[in-house]
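In what follows, a structure is listed as structure tokens, so that the remarks can point back to it.
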Amino acid sequence: MIDIPLALLFTSILGAVLAGFVCSTMGVFVVRMNLSSIGYCMSHAAFAGAAFGLMISVDSLISAMVFSFGVAFVLGPLSEKARLESNVVIGFLFSVMIALAFVFLNFIPGQAASGAALRILWGSIFSVGYNDLMFLLLLSFVLIFFIALFYKELLAVMFHRKLAESAGVNTKLFYFAVLFFTGFSVSLSLRLVGGLLVFALIINPTSTAYQFFYDFKKIMIFSPVIGIVSCLIGFWLSLITDFPIGASIVIVSAALFAFAIIISPKRRKGNGKQRKMGFKLNT
Amino acid sequence: MNVIDLQNVETIYEGESIPVIHNINLTVKAGEFLAIIGPNGAGKTTLLETINGILPYTAGRGFVLEKEIPIYKTAIRKEIGYVIQNFEIDPLAPFLSKDIVMSGRAGKIGMFRFVSKEDWEIVWYSMGLVGMIDFAHRPIGRLSGGEFQKILLARALAQKPKLLLLDEPFSNLDFSTRRQIEKLLNRVHEKQQMTIVIVSHDLSFIPSRCSRVIVLDQGKIIMDGEKEKILTSTMIDNIFHKKGVNQ
């Protein structure tokens, strides 16, 4: 097990808790709105952006955000008009972003920088700084405020976007707010979890919570709880095994999801009766 | 007062050149119960979505509650209850019936405002009206087709709308459930004197209180009149049996 100074340990734990909270909170919306493909591209764009930042010696957090929002800015309207199949999005932009990221990483000068490059690839316990923590804390409060204030609109949009629009809800505003906050969550969690795996922290805890509850409010509460627990156990696993923290967090969250699938009361026989009018599985 | 007033309205989907509906002139007065019938692909759903502003019209002018649709579409939608054509729902969807009914009030309550006790009272009243109060805490994905349709209707009614637009509310329902929904619509119209526009491709399920029928075919209104006259017309038989309307 690695010996870590107490202050650094506290910063890292708090970072893990906050990253788990913001990512898995946004996951509730991303999963329900079928934005996985866009979010996936955004997370890899953030990764490419962070690599670009290292290459030109700019704060990787800023460049990650610029790339992530850039992708959201392009993909959001395109996807909204249903002119782009999600498979095309993943196939094209995902691979382009990864390719760009590796090109940028290749041009990062010096030995020290290559260590930093690897940290954004798979995350590091030690890379969470005071500024990151403050930003994550601020984003957490903003998210809580946003969800509390607009819960009824968010629920309407999550259920059915066209119906919400027909009832007078500005669905576009909430769609872009979700993309915007997802971009922030991904960019701020990047250094902890790593660019390749950060999106799993958005999807896995929410998918786990979806296995247990029919009440959206409970999903909103338990998804972040599962996200935080995944991060804390992943953090501990990383300390005792010296695994990269991103990989540890994702393994834990994936294991929780697999376990949830097995014991899910919603998937037991006799539950989830198919309606005559057909059904689609989103989760 | 005219609840709906469409003047030479034409709607073309984005990226397409052929209008789905064209030369639509339609006036609906307050308290009317109107049915729009026509074969599949006639443009019935497009017409409804043009009325509530979800689809912008490309020619002509349209007013709902005497407000021009493109300018006041958000305000107009708050006064329109819309029951969408049957859509796919995940059986594991994490929504309770009562929350779905409440979601109908989201626009009406307004942004930056929380749901009040009065809003919940309206929700319970709407659920009671459609006989679904016992299903309030039932997950939406575990309802039968008819129950789900009633919840969607309660959702629209919870808006306390001045105009109710119903898109094929009877499709995919068995005979007895269709009759239940039909009775329900008659009751809502009788009790609340609401303006109702119902779209159907099934001539056998036009609610008894519906007094006016318009026939839509290939994006155009080809008949408009009293229900009895329209339904006994030979033209109707031609349209619905694909013999061509111009014969």
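Computed from a predicted structure; not experimentally measured. Residue numbering restarts at 1 for every chain, and letters A, B, ... go by the order of the sequence lines.
Within the 4.5 angstrom heavy-atom criterion, atoms from both the backbone and the side chain of K162(A) approach chain B. The part of L152(B) that comes within reach of chain A is its side chain, from C-beta onward, which places non-hydrogen atoms under 4.5 angstrom from that chain. Neither the backbone nor the side chain of F212(A) comes within contact range of chain B, judged by heavy atoms closer than 4.5 Å. Using a 4.5 Å cut-off between heavy atoms, A164(A) contacts chain B through its backbone alone, with no side-chain atom that close. Using a 4.5 Å cut-off between heavy atoms, L163(A) contacts chain B through both its backbone and its side chain. With a threshold of 4.5 angstrom between heavy atoms, E79(B) does not approach chain A through any atom at all. Using a 4.5 Å cut-off between heavy atoms, I80(B) touches chain A through its backbone atoms (N, CA, C, O) alone. Of the two parts of L154(A), neither the backbone nor the side chain holds a non-hydrogen atom closer than 4.5 Å to a non-hydrogen atom of chain B. At a 4.5 Å heavy-atom cutoff, the contact between K108(B) and chain A is made by backbone atoms alone. Only the side chain of F150(A) comes within less than 4.5 Å of a heavy atom of chain B; its backbone N, CA, C and O stay farther away.
For R61(B) (side chain) and E68(B) (main-chain N/O), no donor-acceptor pair under 3.5 Å exists by modelled atom type. Judged by distance alone, the side chain of Q159(B) and the main-chain N or O of R155(B) form no donor-acceptor pair under 3.5 Å.
Residue Y72(B) qualifies as open at atom OH: its count of foreign heavy atoms under 6.0 Å is 12 or below. Atom CD1 of I263(A) has more than 12 heavy atoms from other residues, nucleotides or ligands within 6.0 Å. Surrounding CZ of R113(B) are at most 12 heavy atoms belonging to other residues, nucleotides or ligands under 6.0 Å away.
A perpendicular orientation is assigned to the rings of F148(B) and F159(A), their planes being inclined by more than 60° (bins at 30° and 60°). Aromatic ring orientation, F69(A) versus F184(A): perpendicular (interplanar angle above 60°, classes split at 30° and 60°).
Between E147(B) and K150(B), no side-chain nitrogen of the basic residue sits less than 4.0 Å from a carboxylate oxygen of the acidic one, so the salt-bridge criterion is not met.
For N204(A) against S253(A), the heavy-atom pair with the smallest separation is ND2-OG, 3.0 Å.
Counting heavy-atom pairs under 4.5 Å between each of M102(B), R105(B), H137(B), R77(B) and chain A puts R77(B) at the top. Most heavy-atom pairs under 4.5 Å with chain A, from the set N52(B), I84(B), T74(B): that is I84(B). For the options S264(A), A167(A), G168(A), heavy-atom pairs under 4.5 Å to chain B are most numerous at A167(A).
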